[in-house]
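To find a chain, count down the sequence lines: A is the first, B the second, and so on, and within it residues start at 1.
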Amino acid sequence: MQPIITISNLSKSYASGFQALKGVNLEIRRGEIFALLGPNGAGKTTLISTICGIVNPSEGQILVDGHDIVTDYRAARSMIGLVPQELTTDAFESVWATVSFSRGLFGKRKNPAYIEEVLKALSLWDKKDNRIMTLSGGMKRRVLIAKALSHEPSILFLDEPTAGVDVELRQDMWQLVRSLQARGVTIILTTHYIDEAEEMADRIGVIRKGEIILVDEKAELMRKLGKKQLTLQLEAPLESIPSELGGYELDLANGRSELVYTYDAQGERSGILALLQALNAAGIRFKDLQTTQSSLEDIFVSLVRERK
Amino acid sequence: MNLHAVCAIYRFEMARAGRTLMQSIISPVISTSLYFVVFGAAIGSRIPETHGISYGAFLVPGLIMLSLLTQSIANASFGIYFPKFTGTIYELLSAPVSYLELVVSYVGAAATKSVILGLIILATAGLFVPLQVAHPLWMLLFLVLTSVTFSLFGFIIGIWADGFEKLQIIPLLIITPLTFLGGSFYSIDILPPFWQTAALFNPVVYLISGFRWSFYGIADVSVGISLVMTIGFLALFTAIVAWIFKTGYRIKA
């Protein structure tokens with residue numbers, strides 16, 4: 001299937017000379033939830049802003065459902081809803097007025113029934129006549145989401161949707177994202193919270209210093225994550241791994257004095273007991289043992305550090 | 001053409017005026033009334049007629065112009081500056097809206113407010129002095145052209161400004177003095193010869209003169225020149241706005 005967003009060789013340099021994006025290539029699949037992870041200043045917001053038309057690309061091309069974001073911006077932008085990171089709202093408008101305004105701005109005919117539905121889904125209905133400035137931070141966040149959804153977009157960008165949001169709203173937000181996905185909306189979210197990506201995303205991309213350094217299925221990442229390692233400190237170093245242990249995924253480490261066994265903790269059988277028995281049978285003795293498990297966070301941190 | 005968007009912005013801006021009725025309409029009316037009381041009734045009664053028109057009546061076009069220029073600029077500059085200030089401009093930039101549509105809706109709303117304001121001041125003036133409008137169509141033409149032109153100018157200021165001070169500085173330091181010296185309160189032929197020539201370099205003279213001509217058939221400069229000057233400003237500001245959007249100046253990185 002044709003990707004809904006295709007980013008080719010996208011670079012962005014600001015007037016200050018700072019290069020925020022360096023040759024980004026990325027495809028977003030239709031109907032997926034894509035999480036973009038990265039440290040502060042990595043270029044997450046610049047990437048989103050460029051796709052949405054807020055920042056001009058310096059180089060490269062972005063197609064949204066086949067529409068070039070520069071030459072065919074009307075068609076491209078009509079499909080997109082954006083929830084910005086900052087709580088940037090009008091202060092004096094009512095909730096109803098600001099959400100209706102957004103719908104008109106995106107070229108859609110008035111549809112009070114639809115706006116009502118959106119406000120109800122976001123628990124904003126009883127606040128519809130309130131001025132935005134009187135709302136709490138969490139409610140303002142909901143207003144921004146309602147504005148983004150007001151024109152029935154088929155792509156929704158959520159730029160750090162749960163930063164500074166309480167647990168309940170966070171849960172609500174996740175539920176909303178899932179129900180939107182069920183309706184066929186493609187969702188791209190940026191986040192610092194790895195558990196959020198883990199919870200929500202179908203695929204995960206990691207951006208660092210303006211470069212996409214990893215894009216993978218979440219399930220694939222989880223499989224990598226699901227791996228545990230058992231490290232055995234041997235009494236005597238081994239020359240090589242004995243052939244009778246060939247059925248195990250083993251490596252020698254630390255000057256051949258450690259034997260490292262990598263296994264799938266999520267598998268039905270870890271095979272540890274059998275391995276220990278096999279070691280015993282082969283006459284290999286060990287002083288100590290330890291197990292380690294890498295989390296998505298470890299992978300993320302190591303990825304981000306690796307290239308410094 | 002994204003008509004829904006143009007209507008949405010236009011309505012939004014008009015609603016803002018509705019919310020701020022006090023600043024938008026009532027305060028200019030009050031200040032105009034004060035001008036009439038002070039200059040028209042109190043001082044004006046001691047000033048001889050100018051070209052056969054009482055000083056109070058002579059003031060009307062100048063005062064309307066004064067409000068028109070300052071309010072057009074204030075309305076339009078604030079209208080576009082405020083989204084920049086609060087950050088809500090992200091939505092305008094990410095919307096399927098062309099620059100032309102943005103200008104038409106923001107400037108259109110600001111100009112509409114100015115025209116309404118001009119007419120309200122005119123009606124207010126009618127309470128103080130007997131009004132006559134010799135060329136009503138010309139009067140409306142100058143009213144609308146000036147409102148649009150200076151709303152465009154305000155739009156430019158709103159985009160250029162990166163603080164509230166800058167929003168104020170051009171109206172305060174340039175427009176208000178030029179208007180006061182541009183014949184709002186007097187006919188420039190009462191000035192000494194040197195200052196009469198100097199006044200001709202003041203663009204506002206042409207705006208006020210043309211507008212006053214539409215009321216009383218008297219003018220400091222010929223009405224044709226006034227019209228050409230007004231349209232010239234319109235063209236100048238339109239060109240600047242076009243350049244702003246072409247380069248993304250102060251809007252888009």
Would you say the side chain of [Y] lies within less than 4.5 Å of the side chain of [X], judging by non-hydrogen atoms?
{"X": "B:Y90", "Y": "A:S49", "value": "no"}
{"X": "A:F101", "Y": "B:I9", "value": "yes"}
{"X": "A:H151", "Y": "B:H4", "value": "no"}

Under 4.5 Å from a heavy atom of chain A, the part of B:S98 involved: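 Both backbone and side chain.
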Given that the side chain runs from C-beta out, which part of B:L92 has a heavy atom under 4.5 Å from chain A: side chain, backbone, both or neither?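 Both parts, backbone and side chain.
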Give the member of A:I51, A:N56, A:V55 that has the highest number of heavy-atom pairs under 4.5 Å with chain B.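 With the most close heavy-atom pairs to chain B, the winner is A:N56.
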Please report the shortest heavy-atom distance between B:P96 and A:F106, naming the atom on each side.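 Taking every non-hydrogen atom into account, CD-CD2, 3.3 Å.
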Counting only non-hydrogen atoms closer than 4.5 Å, can you tell me which residues of residues 69-97 of chain A sit against chain B?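 Expected list: A:Y73, A:R74, A:R77, A:S78, A:L82, A:P84, A:T88, A:T89, A:D90, A:F92, A:E93.
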With a 4.5 angstrom heavy-atom cut-off, which part of [X] approaches chain B: side chain, backbone, both or neither?
{"X": "A:R109", "value": "both"}
{"X": "A:K108", "value": "backbone"}
{"X": "A:Y14", "value": "side chain"}

Answer yes or no: are there more than 12 heavy-atom neighbours, outside B:K166 itself, under 6.0 Å from its atom NZ?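 Enclosed.
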By side chain to side chain donor-acceptor pair (under 3.5 Å), which residues pair with A:K147, not counting sequence neighbours?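 Per chain and number, A:K147 pairs via side chain to side chain donor-acceptor pair (under 3.5 Å) with A:T98, A:S102, B:E91.
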Rounded at 0.5 Å granularity, tell me how far CG in A:L105 sits from OG in B:S105.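 Those atoms lie 8.5 Å apart.
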